[in-house]
**Q** 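Right, I'll just put the structure down here and ask away after.
Whatever order the structure lists them in is the order used to number ligands and atoms, beginning at 1. Computed over heavy atoms, backbone and side chain alike; hydrogens, waters and symmetry mates excluded.
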Amino acid sequence: MSSAELSVFIQALGVHAPARKLTNEELSSMVDTSDEWIKTRSGISERRIAAADENPSDMGAKAAAQALTRAGLTPADIDLLIVATMTPDVPFPSTACLLQAKLGLRRDIPCFDVSAACSGFVYALQVGTDMMRSGAYRHALVIGAEKLSSVVDWSDRTTCVLFGDGAGAAILATTSAKNVGVLGNLLGADGNNAELLHCAAGGSATPATPESIKAGKHLLRMNGKEVFRHAVRVMSESCERVLAKCGVKSEQVAWFIPHQANIRILEAVASQLNVSMDRFPSNLDRYGNTSAASIPLALEEAWRAGKIKHGDLVLIVAFGAGLTWGATLLRWHEPTR
Ligand code: UT7
């Protein structure tokens, strides 16, 4: 960061989770599974399911409205909107444009989606941070919003028990103070492993047809075991690399906020980093894997519980379909304190 560049920090967070809870017991009556299997293998007890007319742009707009209120800002104050989602309302236009209209944001601002699956929030945060460092934008909204229930195969017990819906929003702001907010980040991808977690049809290569829909090709497919193995490796390495880049030791990090995919993945990453699970807050039990929404949901919960305090080092880390991964180290900054 050059001395002329500004620091970018998260000024406020907001969340929205659909009201409908789907418990493991209910899932056990839909597919051959059990509360015991799901809890032991993933740490999930229940997840939220969006209503038919509750789309990522709606959930994202509600999360953003809460963040705006908490920041004491109005929609007119937002200069940039980035939405991370792998379940956009429609193939086009972007969910960001739909959300812009719902929130009543200004028309002279850039609004676009970032597609990096479960790493989407970390990717969007870096894009937003880099766009803001020069001072060209004063306040940005970075939102992760997902309706995974619409792409999950509800007859496939190996995937349907894992995912849920929701949204989280962060308002980014700038300050001339040094060593606060986003301190460092890294992103990576490996498209050679795209088939490990993907949706085979519905895009321009294979448009949805009655046959492809009948064959379930428009739904999420995953090689869970392989994804698990990659997840532990890339999340641990990403944490180590971003810490080394920033000259910070893992002991100095107050909170690790990982993508909430599976409690056993979180435990394995914590163990690799030699960090106690007490510093890895998780809400997996209540939300399952909400993809790009999972980090802002977990971050907001840890902040609301009073865990994250001004000056704390917070490391967020994610992996997802692509494969993609990313990590961001932040020094939590609350300028009004
Ligand atoms: O954001 C990224 C998204 N993806 C992930 O994070 C997924 C990463 N992977 C995982 O979380 C885990 O691999 C799973 C939770 C998906 C699976 O756990 P696992 O310990 O790797 O189980 P497994 O795939 O080895 O399956 C063990 C057994 C199999 O039966 P057999 O072959 O041993 O008879 C599965 O058929 O468990 C069976 N099984 C189930 N049984 C009851 C698979 N899913 C279920 C289920 N209920 N829902």
**Q** Residues around ligand 1, heavy atom under 4.0 Å from any ligand atom, sorted by chain and number. Can you pull those?
**A** D32, T33, W37, R41, C118, R157, T158, V161, L162, L197, M222, G224, K225, V227, F228, H259, A261, N262, R264, I265, N289, F319

**Q** If you draw a 6.0 Å radius around CZ in R241, do more than 12 non-hydrogen atoms from other residues or ligands fall strictly inside?
**A** no

**Q** With heavy-atom distances below 4.5 Å as the criterion, would you say the side chains of I316 and P258 are in contact?
**A**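 A side-chain contact is absent here, since even the closest heavy-atom pair is not under 4.5 Å.
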
**Q** Can you pull out every side chain to side chain donor-acceptor pair (under 3.5 Å) where at least one residue sits in residues 318-332? Sequence neighbours excluded, please.
**A** S119-T324, W332-E334

**Q** Taking C-beta and beyond as the side chain, do E300 and L297 meet within less than 4.5 Å on heavy atoms?
**A** no

**Q** Does the pair S155 and D153 meet the rule for a side chain to side chain donor-acceptor pair (under 3.5 Å), with working shown?
**A** CA-CA 5 Å; S155 66; D153 180 346; 2.7 Å; yes

**Q** Give a yes or no on whether a salt bridge exists between D89 and K147, defined as a side-chain N under 4.0 angstrom from a carboxylate O.
**A** no

